[in-house]
Amino acid sequence: MKGYKDTIYKTVYQYNQIPIPAADMERLQEIARDCREVKNYVYDRYSSIRSLPKIYPGYTVQNEMTQSGLRERLGLPSVYFYLSIFDALGDIKSQWARTKSQVEKNIRNNENLTPGDRHYLRFVMKQSQCFEAVLLGGEPELSGVWEEGYSAVRAEVDTHRLDQYLRRQVRRQLSKPHTDAAEGFTASPKGYRYADHGIYLSMKESRQRLFIPLTDNNRYARQIYVRLYPEEGKVTLGVPVEVRQRHPAGYEGEIGLAMGLKCMFVTDQGRAYGEKYLEYQSALTDYVRERLPRHRRNAQNNPGTKKYNAGKARLERTLHDYVNAEITRMLETEKPKIIYLPKLPARSKAGYNRKVNATVNMWQKGFVKSRLVRKCWERSVELVEVFGKGISTQCSRCGADGVKEKGNDMFHCPACGLELPERQNTAGNVLKRGKSEKESS
């Protein structure tokens, strides 16, 4: 990945110096619960298809929420009320992005669609006015090149059939966000001030601020997140700050990585990182497979849904913690200047059985890659993706086609006699291709 900035955003944390009294913690929790109610109100009112024109850029929602009377009923300060609105809008926009991504994937995989059908659907999804008009059953009002393009792509297709198909796809994929969590709230600089070796937070009572002594004297003027731990009488303040990238000493050389489900990474030298990844992934997959069917129906009122979501979130956190720790271990051990990684293929429809397919489909390779990108960025390590087709079947020594032996994960080259673990051979090819592409560019 090229084009690194000299600075990055990281979250730093501040902590309370002494336990917060139960009465004061209750006041903070009340703000958190009110912020949750505001978010769920926005989710319920603006997550539907008919609200799509209102959420970009969101000022219509802000004005309507101001007129709703909800802030007055809750008695919530505006510094918390409006941040909760835009936090919720961010979640809704993310849900729309996921929905469109899945619909685009379904369009790509639908064998009954002609190239012309796909071209029309992609045009509609790319042009926001077209997309909104089709979902709402109207005609888009376009001008200039967009009007000419729309006329061209719809000329030889059945627009009624395709519009109906697009609406069905969106309805199937779009879900309404909801949160039961009231673990904290976001505060803008107008909602707090630093003084007296601590921070004063705005309360619901008029002109009242709660003082929290802190363990440091650092002061910030940006949006913060106040996380509550009522059982321990603690809070943490999460502050996003822009910091210079680290340029650690000793990070030299180049390595190739093979990425997999059984083991996260194997280097071209055969060193493995994340050997237990499949155990953590399988635990999550088995939990979802065994428990999800019970909660698909009537999810909002099912008493087991909350327990299911909590269990799933716990397993995901454990998996993510393991991924982060192993990536850090790999970088601190290898100390590379450049990492070559093959471009990952899309998920295959084929598989071995339902359990294996479920594990592969839940393989969080996107999360693994995103964390690798982030941690490389923080250390100024260059991450380069290379063309991955046929990379596991070639010999990393001579380039001839080899054989992957079943049962022992070994690679054998009949041309030069090379025998290596399959993943190590793949990583060697990644390194060779990466260097070759870099030299030719």
Side-chain angles (χ1 to χ4, degrees), residues 38-70 81-179 296-297 299-300 346-347 349 366:
V38 173
K39 288 182 179 180
N40 285 328
Y41 186 94
V42 175
Y43 293 151
D44 290 339
R45 190 168 178 178
Y46 298 103
S47 294
S48 67
I49 291 175
R50 294 206 168 272
S51 295
L52 179 58
K54 296 181 179 180
I55 66 174
Y56 296 98
Y59 296 112
T60 301
V61 174
Q62 181 182 4
N63 293 334
E64 290 184 2
M65 289 294 294
T66 300
Q67 299 167 8
S68 68
L70 180 62
F81 180 75
Y82 289 108
L83 283 178
S84 298
I85 292 172
F86 283 100
D87 282 348
L89 281 177
D91 294 335
I92 293 173
K93 291 175 183 178
S94 295
Q95 177 59 40
W96 270 107
R98 289 191 292 269
T99 297
K100 293 180 75 172
S101 176
Q102 185 60 50
V103 171
E104 289 171 351
K105 179 180 177 181
N106 292 346
I107 291 172
R108 189 166 58 248
N109 295 333
N110 190 332
E111 298 177 353
N112 296 322
L113 295 175
T114 67
D117 293 341
R118 292 192 179 92
H119 187 40
Y120 170 78
L121 290 170
R122 287 167 180 158
F123 181 94
V124 169
M125 294 190 69
K126 181 178 180 180
Q127 218 291 332
S128 58
Q129 288 178 295
C130 277
F131 186 61
E132 292 172 7
V134 166
L135 293 186
L136 296 173
E139 283 291 325
E141 298 180 1
L142 305 174
S143 60
V145 294
W146 284 114
E147 184 177 17
E148 296 174 3
Y150 184 59
S151 299
V153 298
R154 66 179 300 181
E156 298 181 0
V157 298
D158 184 349
T159 57
H160 176 73
R161 177 179 66 87
L162 295 176
D163 290 349
Q164 291 283 61
Y165 170 79
L166 183 59
R167 294 186 196 111
R168 286 197 305 272
Q169 287 293 317
V170 170
R171 285 196 297 267
R172 288 172 183 171
Q173 301 300 329
L174 186 65
S175 61
K176 181 186 296 184
H178 180 83
T179 180
R296 280 178 177 161
R297 296 182 181 179
Q300 292 290 336
R347 289 174 180 167
K349 295 181 180 179

Taking atom [atom1] of [X] and atom [atom2] of [Y], what is their separation to the nearest 0.5 Å?
X      : Y      : atom1 : atom2 : result
Trp96  : Leu174 : CH2   : CG    : 5.0 Å
Asp87  : Tyr82  : CG    : OH    : 15.0 Å
Tyr59  : Thr66  : OH    : OG1   : 13.0 Å
Glu64  : Lys54  : CD    : NZ    : 3.5 Å
Thr159 : Leu166 : OG1   : CG    : 12.0 Å

**Q.** Test side-chain contact (heavy atoms from CB on, under 4.5 Å) applied to Gln127 and Trp146, step by step
**A.** CA-CA 8 Å; Gln127 218 291 332; Trp146 284 114; 3.2 Å; yes

I'd like a table of donor-acceptor pairs (distance under 3.5 Å, sequence neighbours excluded) in which one partner is a side-chain atom from residues 115-125, with atom names and distances.
{"residue": "Asp117", "atom": "OD1", "partner": "Thr114", "partner atom": "OG1", "Å": "3.4"}
{"residue": "Asp117", "atom": "OD2", "partner": "Thr114", "partner atom": "N", "Å": "3.2"}
{"residue": "Asp117", "atom": "OD2", "partner": "Thr114", "partner atom": "OG1", "Å": "3.2"}
{"residue": "Asp117", "atom": "OD2", "partner": "Arg161", "partner atom": "NH2", "Å": "3.0"}
{"residue": "Arg118", "atom": "NE", "partner": "Ile107", "partner atom": "O", "Å": "3.1"}
{"residue": "Arg118", "atom": "NH1", "partner": "Leu113", "partner atom": "O", "Å": "3.0"}
{"residue": "Arg118", "atom": "NH2", "partner": "Asn110", "partner atom": "O", "Å": "2.4"}
{"residue": "Tyr120", "atom": "OH", "partner": "Asp163", "partner atom": "OD1", "Å": "2.7"}

(Q) Going by the rule salt bridge (charged side-chain N to carboxylate O under 4.0 Å, His left out), which residues pair with Glu141 if we only count those two or more places apart in sequence or in a different chain? (A)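 Listed in chain order: nothing, the list is empty.
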
Q | Atom CD of Gln164: over 12 foreign heavy atoms under 6.0 Å | A |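 Counting neighbours around CD of Gln164, more than 12 heavy atoms of other residues, nucleotides or ligands fall under 6.0 Å, so yes.
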
Q. Around Lys93, counting heavy atoms of other residues, nucleotides and ligands shown, do more than 12 lie under 6.0 Å from its NZ?
A.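 Correct, the count exceeds 12.
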
Within the 4.5 Å heavy-atom criterion, are [X] and [Y] side-chain neighbours or not?
X      : Y      : value
Gln173 : Asn106 : yes
Val38  : Met65  : yes
Phe131 : Lys100 : yes

Closest approach of [X] and [Y], non-hydrogen atoms and distance?
X      : Y      : value
Pro53  : Arg50  : CD-O, 3.5 Å
Gln95  : Pro177 : CB-CG, 4.5 Å
Gln129 : Pro140 : O-CB, 4.0 Å
Cys130 : Leu142 : SG-CD1, 3.5 Å
Ser84  : Lys39  : O-CG, 3.7 Å

Q. So, the side chain of Ser101 versus the backbone of Arg98: is there a donor-acceptor pair under 3.5 Å, distance only?
A.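 No, the answer is negative, given that no donor and acceptor are paired below the 3.5 Å cut-off.
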
Q.
For Asn63 and Gln67, which I'm curious about, is there any donor-acceptor pair between the side chains at under 3.5 Å?
A.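 Judged by distance alone, the side chains do not pair up.
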
(Q) Let's go through Tyr56 and Val61 carefully: what are the C-alpha distance in whole Å and the side-chain angles of both, what is the deciding distance for side-chain contact (heavy atoms from CB on, under 4.5 Å) to 0.1 Å, and is it a yes or a no? (A) CA-CA 9 Å; Tyr56 296 98; Val61 174; over 6 Å; no

Q.
If the condition is side chain to side chain contact (heavy atoms under 4.5 Å, CB included), which residues does Ser51 pass it with, not counting sequence neighbours?
A. Tyr46, Ser48

